[in-house]
Amino acid sequence: MSHDSIPTLPQAELLEVAQTMLRLNTCNPPGNERLLADYLAGWARAWDLEAEVLPIAPGRANLRIRLPGEQAPALVYCGHLDTVGPGEVAWQHDPFGGETADGFLWGRGAADMKGGLAAMLAAMAALRRAAVRLPGAIVLLATADEEVDMLGAARLSAEGALCGAGWLVIAEPTGLDLVPAHRGVLWLEILTHGRAAHGSMPHLGTNAVLHMAALAQRLAGLRLPAPAHPLLPPPTLSLNTIQGGQQINIVPDFCRATLDIRTVPGQDHAQVFETVRAAVSEMSGTLPELRFELRVLNDRPPVDTASDHPLLHAAKRAAKQALGHEPPVRAVSYCTDASVLLAGGALPTLLFGPGDDRLAHQCDERVPVESLVAAARFYAALPGAVYTLADRAPSAP
Ligand SMILES: [Zn+2]
């Protein structure tokens with residue numbers, strides 16, 4: 001396939017869908033993804049793609065768009081419909097205006113990740129219009145609630161949305177680099193329970209805040225054993241919130257803290273939980289009145305595809321066609337819907353999308369228009385490369 005044989009939509013049509021997406025406010029909370037799902041379903045049907053809006057709650061929906069293929073495993077494209085809020089700082093351009101200026105498309109979600117989603121849709125529409133026949137279907141899963149609880153991905157996973165899938169590509173912003181791995185997330189809540197007393201007679205109470213302070217010290221020094229990973233940084237553990245006490249003259253009987261743990265492939269989250277529980281339990285030796293509870297708030301496993309996997313070879317080949325060069329392979333610091341969609345399964349997965357991941361969740365979020373165009377070319381070139389080069393055996397989801 002020569003450089004110019006990649007099916008594309010005119011840039012104006014790609015921009016128009018991306019701009020409309022930015023103008024539909026899907027800040028989460030509350031999300032309101034249904035608005036965007038309905039618009040995109042209509043857009044996709046106008047391009048003769050199959051589209052299904054999948055409601056999950058009032059005002060909230062996932063979306064599935066399909067370009068039919070033959071019997072081979074499907075190539076699954078994925079992006080989220082929601083964004084974070086615009087924040088308190090004034091923007092140079094209206095965060096919901098979908099404005100273009102200085103070579104960029106500006107707005108909340110331009111990079112994370114309505115831009116990437118628009119590029120995937122444009123690629124599917126272009127392949128459809130070019131009547132390209134593929135060995136397998138391309139299925140786009142657009143999810144609700146990625147930025148908060150990943151309810152959309154959880155629903156799709158429970159519905160078996162990845163059955164028959166061979167590969168998963170997520171359009172999170174990677175600056176058009178190839179990202180085959182990200183760390184997992186394990187969020188824990190620690191509660192300490194004490195006994196209230198008058199603040200003038202602390203010896204009659206048990207101070208839950210002091211107990212938490214001791215636990216915080218212990219946890220700050222906790223080491224989590226993990227295998228080294230060629231791309232990812234080591235695991236981290238950070239105690240990031242703490243609340244306790246009612247008022248200045250009462251010995252606090254309650255304290256709550258939350259721990260943000262980031263894990264790497266090869267770490268079992270149940271084992272990590274046990275390591276934390278054991279470390280807290282050991283503190284009973286020095287704090288005989290310690291009473292604590294530990295519970296999981298969020299459990300998202302890491303995602304890992306080997307850098308020499310056939311999917312990566314296919315992606316490099318597609319990138320050479322679409323971008324004219326072979327992008328670097330690297331890791332990113334954030335977690336994605338892939339953790340929840342895969343539910344611990346081993347589907348080959350790649351993150352690739354336009355926009356700078358460091359601009360995600362910031363004010364003045366924007367994406368270079370030329371990288372939107374380049375991403376759409378990549379997503380249109382990838383199916384050919386995947387079905388030519390990659391392992392066709394479907395993995396169990
Ligand atoms: Zn995102």
Side-chain angles (χ1 to χ4, degrees), residues 17-18 21-22 24-33 35-37 40 56 60-63 76-87 95-96 98 104-121 140-157 168-185 187 232 260 262 298 300-303 330-342 349-368 371-372 375-376 378-379:
V17 66
M21 291 172 75
L22 292 177
L24 295 171
N25 180 336
T26 56
C27 293
N28 186 10
N32 283 326
E33 297 92 342
L35 266 180
L36 183 52
L40 292 178
I56 57 173
R60 315 202 69 176
N62 290 324
L63 170 68
V76 176
Y77 283 168
C78 176
H80 57 84
L81 297 164
D82 60 325
T83 68
V84 294
F96 306 105
F104 291 96
L105 171 63
W106 300 71
R108 174 54 83 223
D112 184 17
M113 56 183 283
K114 291 177 175 176
L117 202 46
M120 283 180 157
L121 282 160
L140 180 116
L141 301 175
T143 61
D145 197 40
E146 191 272 350
E147 298 287 4
V148 180
D149 287 323
M150 297 191 174
L151 294 176
R155 177 68 69 92
L156 286 169
S157 177
L168 176 63
V169 179
I170 307 236
E172 290 282 1
T174 65
L176 304 181
D177 292 342
L178 303 172
V179 175
H182 66 69
R183 292 192 295 176
V185 169
W187 287 349
L232 295 170
D260 181 356
R262 303 296 168 128
N298 204 339
R300 297 171 190 168
V303 166
R330 66 174 175 101
V332 288
S333 58
Y334 51 80
C335 183
T336 74
D337 270 335
S339 283
V340 173
L341 280 173
L342 299 179
T349 298
L350 175 72
L351 319 187
F352 176 94
D356 183 338
D357 39 306
R358 289 161 303 185
L359 285 178
H361 301 195
Q362 306 287 316
C363 107
D364 292 329
E365 184 178 345
R366 59 197 178 273
V367 65
S371 78
L372 277 184
F378 173 86
Y379 299 132

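Counting convention: from 1, in listed order, for ligands and their atoms alike. When reading the values below, keep in mind they use all heavy atoms of this one structure, side chains included, and skip hydrogens, waters and symmetry mates.
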Practice task
Decide yes or no on side chain to side chain contact (heavy atoms under 4.5 Å, CB included) for T83 and E365, but give the supporting numbers first.
Solution key: CA-CA 11 Å; T83 68; E365 184 178 345; over 6 Å; no

Exercise for the section: Carefully, step by step, assess T174 and R330 under the rule side chain to side chain contact (heavy atoms under 4.5 Å, CB included). Expected result: CA-CA 9 Å; T174 65; R330 66 174 175 101; 4.3 Å; yes

Problem - Among V367, T26, L105, side chain to side chain contact (heavy atoms under 4.5 Å, CB included) partner for K114 - result: T26

Fill in the blank from the handout: Near the Zn ion (ligand 1), meaning under 2.8 Å, the protein N/O/S atoms are H80 NE2, D112 OD1, E172 OE1, E172 OE2

Practice task
Looking only at non-hydrogen atoms, find the nearest pair between P301 and S339 and report the distance.
Solution key: O-OG, 2.6 Å

Practice task
Could you check whether the rings of Y379 and F352 sit parallel, tilted or perpendicular, using 30° and 60° as the cut-offs?
Solution key: perpendicular

Handout entry: Stepwise salt bridge (charged side-chain N to carboxylate O under 4.0 Å, His left out) check, R262 with D260
Key = CA-CA 7 Å; R262 303 296 168 128; D260 181 356; 2.7 Å; yes

